[in-house]
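Heavy-atom basis, side chains included; hydrogens, waters and symmetry copies ignored.
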Amino acid sequence: MKVYTLTATLTALALAAGAAGASTKLHGRIASAAGPLEPGRSNIYVFDLATQRVTRVTHDRGVHFDPTLSPDGRRIAFRSRIGAEDYEVRVVNRDGTGMRNLTRNPAMDYAPAWSPDGAKIAFASERRFRLPHVWIMNADGSHAHVLTRAYSGEYPSWSPDGKRIVFASNIPVTDTGFELVVVNADGTNARRLTRNDVYDMGPAWSPDGKWIAFYSGRDLPNGGHDVYVVRPDGSDVRRLTHGGGELPAWSPDGRYIVYAAPSGLVVIRPDGSEVARLGTGTSGPNFASWGR
């Protein structure tokens with residue numbers, strides 16, 4: 001397996017007042033996609049924050065993105081298209097071995113999310129319904145079933161106790177965008193978390209269960225998105241970024257959020273203060289997942 005050195009060095013910025021000049025030590029690994037999606041191909045990479053090295057995980061001529069690291073950090077589930085097939089959910093070991101297609105479905109499957117115990121994967125699918133819905137399957141691809149028929153949905157994220165799932169939905173269907181919906185993991189008690197006529201997307205539940213990060217165009221009437229957090233009951237919405245941001249993901253300890261900015265991946269604290277910018281030297285969107 002070939003290992004690539006970061007072409008743009010990971011730079012840790014100074015800490016806030018009281019610790020000026022100290023460096024922030026980031027831990028774990030970030031799985032990300034890089035490269036052009038349409039046309040062309042993109043691949044999955046893993047960024048080791050301790051060594052500042054990047055490992056390329058996929059090597060075929062496919063389009064691979066939406067990566068999510070398993071809770072133990074050993075596997076990556078991701079959206080994938082090889083050849084003429086529609087998008088499927090595949091899983092691969094972190095070292096690039098053992099890639100398998102979990103869905104094998106003619107409709108588009110995407111946006112996988114591991115359950116906290118690693119036993120199940122929630123994902124979005126266009127199978128059976130006119131609009132995408134959230135489905136759940138075992139981690140080996142078996143026993144796939146729709147989570148709830150009440151709302152369309154995509155980009156699911158599990159609560160840390162595995163009892164609830166948050167996702168983005170455009171039901172009721174409007175011309176203006178998406179809202180966030182929370183539902184029990186058995187499909188009961190679905191309710192709208194946000195009520196916004198612009199665009200709330202890409203929710204990510206914090207490891208302590210107290211916040212849900214997401215990106216939205218609610219304060220940008222002329223277009224674009226920024227990163228926000230909200231309480232799981234829908235209260236206390238806070239805007240974290242002001243220069244563009246999408247696809248937030250939490251660090252395993254909940255101390256940081258990584259998101260995709262126009263310049264690449266950026267790491268911030270939950271209060272919005274910036275910690276680091278991660279350069280990859282590659283083009284295209286950066287769909288990221290932070291794990292062990």
Side-chain angles (χ1 to χ4, degrees), residues 8 30-38 42-45 47 63-69 76-79 87 108 110-113 122-124 132 134 152-158 166-170 176-181 193-194 196-206 211-230 237-251 254 256-291:
I30 293 177
S32 179
L37 300 182
E38 301 290 351
S42 63
N43 280 287
I44 307 298
Y45 296 78
F47 303 75
V63 179
H64 310 304
F65 61 110
D66 273 356
T68 177
L69 281 157
I76 302 170
F78 57 99
R79 186 198 310 204
Y87 284 110
M108 183 166 68
Y110 61 103
F123 64 102
V134 175
S152 71
E154 52 187 300
Y155 290 95
S157 176
W158 298 75
V166 61
F167 57 89
S169 174
N170 64 343
T176 53
F178 286 76
E179 297 172 347
L180 303 185
V181 172
L193 182 66
T194 61
N196 173 48
D197 62 358
V198 182
Y199 194 90
D200 294 337
M201 178 58 77
W205 218 306
S206 66
W211 294 99
I212 293 172
F214 65 102
Y215 67 96
S216 176
R218 58 176 59 206
D219 295 315
L220 299 165
N222 296 323
H225 307 103
D226 270 311
V227 176
Y228 296 74
V229 290
V230 63
V237 177
R238 302 181 185 182
R239 184 178 180 181
L240 302 185
T241 66
H242 292 81
E246 300 181 349
L247 304 162
W250 295 85
S251 63
Y256 306 106
I257 297 170
V258 62
Y259 69 92
S263 60
L265 296 178
V266 178
V267 178
I268 59 175
R269 297 180 183 86
D271 65 3
S273 59
E274 186 175 297
V275 174
R277 290 179 177 264
L278 311 180
T280 66
T282 55
S283 62
N286 288 281
F287 301 82
S289 169
W290 197 333

Using every non-hydrogen atom in the two residues, find where S157 and P203 come nearest and quote the distance to one decimal.
CB-O, 3.4 Å
Candidate pair R79 and M108, rule side chain to side chain contact (heavy atoms under 4.5 Å, CB included), full reasoning:
CA-CA 9 Å; R79 186 198 310 204; M108 183 166 68; 4.2 Å; yes
Backbone of V227 reached by a side-chain donor or acceptor of T241 within 3.5 Å:
yes
Candidate pair Y228 and R238, rule side chain to side chain contact (heavy atoms under 4.5 Å, CB included), full reasoning
CA-CA 5 Å; Y228 296 74; R238 302 181 185 182; over 6 Å; no
Is it true that D66 and Y87 share a donor-acceptor pair across their side chains at a distance under 3.5 Å?
no
Heavy-atom distance under 4.5 Å between the side chains of E154 and F167, does that happen here?
no
Do S42 side-chain atoms and H64 backbone N/O form a donor-acceptor pair below 3.5 Å?
yes
Sorted by chain and number, sequence neighbours left out, side chain to side chain donor-acceptor pair (under 3.5 Å) with Y215 holds for none
Rounded to the nearest 0.5 Å, how far does CG of D226 lie from CZ of F214?
11.0 Å
Assess the residue pair V267 and W290 against the criterion (side chain to side chain contact (heavy atoms under 4.5 Å, CB included)); give the C-alpha distance rounded to whole Å, side-chain angles, the decisive distance to 0.1 Å, and a yes or no.
CA-CA 11 Å; V267 178; W290 197 333; 3.9 Å; yes
In terms of heavy-atom contacts, I76 and P67 come closest through CG2-CB, 3.8 Å
Could you report the tightest heavy-atom contact between E274 and I268, atom names first, then the distance?
CA-CG2, 3.9 Å
Heavy atoms only: give me the nearest D219-R239 pair and the separation to one decimal.
CB-NH1, 3.5 Å
Residue pair I257 / L240, side-chain heavy-atom distance below 4.5 Å:
yes
S251 OG to Y256 OH distance, which is reported to the nearest 0.5 Å
7.5 Å
Closest non-hydrogen atoms of F47 and S32, given as atom of the first, atom of the second and distance, are CE1-CB, 3.2 Å
Listed partners of T68 passing side chain to side chain donor-acceptor pair (under 3.5 Å), at least two apart:
none
Side-chain (T194) to main-chain (E179) donor-acceptor, under 3.5 angstrom
no
Decide if the gap between the ring center of Y199 and the ring center of F178 is smaller than 6.0 angstrom.
yes
Closest approach of D200 to R218 (non-hydrogen atoms, all atoms of both residues):
OD2-NH2, 2.7 Å
So, do V229 and P270 sit near enough that their side-chain heavy atoms are less than 4.5 Å apart?
no
A204 backbone acceptor or donor facing W250 side chain under 3.5 Å
yes
